[in-house]
Structures are given as structure tokens and as C-alpha cells.
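The block underneath contains the structure these notes are about, expressed in C-alpha cells.
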Amino acid sequence: MMLIVDAHCDTLTVLTPQGRDLGTLSQRGHIDIPRLYRGGINVQFFAIFIGPDNYHDPAQYTKEILKLFNKEIQRNASSLLHARNYADIVHAYDSKKICAVLTIEGGEALKGKIEQLESYYTQGIRGLTLTWNGRNELGDGVGLGPEASGLTVFGRQVIQKMVELGMMIDVSHLSEAGFWDVISEIRAPITASHANSRFICDHPRNLTDQQIRVISESGGVIGVTYVPQFIDLSKPSIERLIEHIDHIYEVGGISCIGLGSDFDGIDATVEGLHDASIAVPNLENALIKKGYTTGEIEKIMGENWLRVFKEVCG
């Protein structure tokens, strides 16, 4: 049976403001446990998103979301398991539970302290998106434009420590200069949890062919994302998203493609990709229609992410 992995959502950020919890089916947002089960998703990466509203004290905000996450894990212990390593994923699958992998989106959460990264790892965080769109202590985000700088000295120290600890390095949102700094600094699988092909859709958040090729060569994975403006600037659709998959396959091969919805981090959705209950079945059908084999679909839907998670996180 195919294991399905979604490598990015912002659901933890919106639960409290929207009056939601993970265990209850909601008409709001995109992800909760009933919808994950309905959509067949076995492993969901939950990001703690450090956005502009939380820059005043990002470490405190991260602490609050960690507390919320742990409460949700305890409340839904019969259906949700916090995965810290690959063995946890196997155990969850055997127990018919959904795996929650915890990540942070935004290096501001470290507050310039490498010890904070180690603390987050101890608390079960297994991935870090180095920047959002702006600048932080680690480096510049893509939102600063073509003149953006790369990683800082601290940013280089952080990615070295992440390799040592066993954490997934996520270059989504990172400036191109920062991307190449990561590539030059370490030898480990590089991930882009939620990004598409810039060749298909010329958006600065998407990846160039050269970036795709290098991520693939590192053994990493790109989570194709359902963000409408990253799919097409005028007419986003499932069919257009499949074109992104086709192109990434052509450039980097089948082993660098995964899923990274960005659910609950987007306001608008694409028809057929409305929420976690329907997105994967619709994507699977579209891939079958396009002629992808069962083995190729299994890699895209989860095998590639599981391989990287096992290699990096143990």
C-alpha cells in the first residue's frame, strides 16, 4: 500500500485564530485529522510558521505553538503520533495512525542562538525552513529580490549543526544566493518543502532548472505545492501542476519529486485541490491519466520524502 506524505502545511498557525482543533472536522481551512484520513495522507509535516506578526518574540511564539502541538498530540493519541524518526512512521502506519512531523518555517525562531536549535531538536523538531521572504539572522529571503545576500556566518553554522543533529534543511523561501551558499557549505540532502518549477511558472518562489538539478544530485526532494500563483500566474489548475511535475522529472528525475501542499498557508485554492480530503486522490488520478506508472506515483506520493527523512533523521 502506498504511503502518502505532505511535507508542508501551516495548520498549527491558524488553529487558535480560527477556533479549530485537529481532531474535529471543520468547514474552515484545509487540514484536520478527519480530512487527512479521508484523503489517505499517512504523514503530515506541520510547520511552526514565524510570520511578520510574530517577529517581536519568535522564540516565545514557537514555544506557544509547541505547547499547542503537544496538546493536540495528547488529545488525539488514538489517531495521531509525533514522529521523530523513521521507526515512528512505521509504528504509526502499523497502528493505523497519522504521523505528524514537526518543522519550523523561519530561522527567526533561533534568535541567533545555536543552543536554541539544539533545544528544538530535543523537543522533536526535525526540519527548518531557513528564512521566510525577508531577512533574519541566518540570511536573506527571496522576497528581497535579485540583490538579496546569501547566508550569514551564523546561517552557515546553523546548517552545519542541522547536519550533525539530523534535521532536514529546507531552502523554500531562501534567496538564490543563500541557496548556493547552502550547496557550497554542506554535503547532505537538500529539500524544498513547497516550491514548483520556475520554467513552467516564472515566480521568484519557484526553482530554476539549475536549482532542481542540484537538489536532485544532493539526494533531496522538492515538494510540489498547491499555491495557485506558484502553479500559474493566470490559470492555475491540476493539469498545470502536473506540467510542473513533468518538468521537474525531466530535469531532476523521479526521485526528487514529492508533495508540499502549503495548506492553511494559502487563502485561495485550485479547483480539485481544495483541502486534504480530495487533493491527493485527484492528483493521483491526474498522474495516472498522464501515463505515470504505479512505481513513479508511489515515489511522488511519499516514497521520496520517506527516503530523505530516514536518511537525515534516522
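Counting only distance, with no hydrogens or angles, the side chain of Ser95 and the backbone of His91 share a donor-acceptor pair below 3.5 Å. Remark: the backbone N or O of Asp57 is not paired with any side-chain donor or acceptor of Asn54 at under 3.5 angstrom. Under a 3.5 Å cut-off, the side chain of Lys97 and the backbone N or O of Ala77 do form a donor-acceptor pair. The closest donor-acceptor contact from the side chain of Thr129 to the backbone of Asp170 lies at 3.5 Å or more, if one exists at all. Side-chain N or O atoms of His194 include none that pairs as donor or acceptor with a backbone N or O of Asp262 at under 3.5 Å. Within the 3.5 Å criterion, the main-chain N or O of Cys313 finds no donor-acceptor partner in the side chain of Asn85. The backbone N or O of Ile125 lies less than 3.5 Å from no partner atom in the side chain of Arg84, so there is not a single donor-acceptor pair. At distances below 3.5 Å, not a single donor-acceptor pair connects side-chain atoms of Asp264 with backbone N or O atoms of Cys9. A donor-acceptor pair under 3.5 Å is formed between the side chain of Thr62 and the backbone N or O of Pro58. Judged by distance alone, the side chain of Ser197 and the main-chain N or O of His247 form no donor-acceptor pair under 3.5 Å.
Between Lys299 and Glu296 there is no salt bridge, since no side-chain N of the basic residue sits under 4.0 Å from a carboxylate O of the acidic one. With respect to the salt-bridge test (charged N to carboxylate O, under 4.0 angstrom), the residues Glu64 and Lys67 do not qualify. Under 4.0 Å is where a charged nitrogen must lie from a carboxylate oxygen, and between Asp232 and Lys235 no such pair does.
Geometric assessment of Arg126 against the ring of Phe309 yields a negative cation-pi assignment under the 6.0 Å and 45° thresholds.
Heavy-atom contacts from other residues, nucleotides or ligands closer than 6.0 Å to NZ of Lys290 number more than 12. Atom OH of Tyr37 sits in a crowded spot, with more than 12 heavy atoms from other residues, nucleotides or ligands closer than 6.0 Å.
Of the candidates Leu241, Asp275, Ile238, Thr269, Tyr226 forms a side chain to side chain contact (heavy atoms under 4.5 Å, CB included) with just one, namely Leu241. Partner Val280 forms a side chain to side chain contact (heavy atoms under 4.5 Å, CB included) with one of Leu259, Asn285, Val5 and no other, that one being Leu259.
For the residue pair Ala109 and Ile104, the shortest heavy atom distance occurs at CB-CG2, 3.9 Å. The two residues Glu176 and Gln211 have their closest heavy-atom pair at CG-NE2, 3.9 Å. Of all heavy-atom pairs between Tyr61 and Thr13, the closest is OH-CG2, 3.3 Å. Taking every heavy atom of both residues into account, His8 and Ser193 meet most closely at ND1-OG, 3.7 Å.
Ile48 places none of its side-chain heavy atoms less than 4.5 Å from the side chain of Glu105. No side-chain heavy atom of Ile215 sits under 4.5 Å from any side-chain heavy atom of Thr191. Under the 4.5 Å side-chain criterion, counting only non-hydrogen atoms from C-beta, Glu118 is not in contact with Thr122. Contact annotation: the side chain of Thr152 never approaches that of Asp140 to less than 4.5 Å [non-hydrogen atoms, C-beta and beyond].
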Which side-chain N or O atoms in residues 181-189 pair as donor and acceptor under 3.5 Å with protein atoms at least two apart or in another chain?
from, atom 1, to, atom 2, distance (Å)
Asp181, OD1, Arg156, NH2, 3.2
Asp181, OD2, Leu151, N, 2.8
Ser184, OG, Trp180, O, 3.3
Ser184, OG, Asp181, O, 2.9
Glu185, OE1, Arg156, NH1, 2.7
Glu185, OE2, Gln160, NE2, 3.1
Arg187, NH1, Ile183, O, 2.9

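Phe69 pairs by the ring-ring contact (aromatic ring centres under 6.0 Å, His included) definition with His82, not counting sequence neighbours. Scanning for side chain to side chain donor-acceptor pair (under 3.5 Å) contacts around Ser79 gives an empty result, with sequence neighbours left out.
Atom CG of residue Asn42 and atom SG of residue Cys99 lie 8.5 Å apart, to the nearest 0.5 angstrom.
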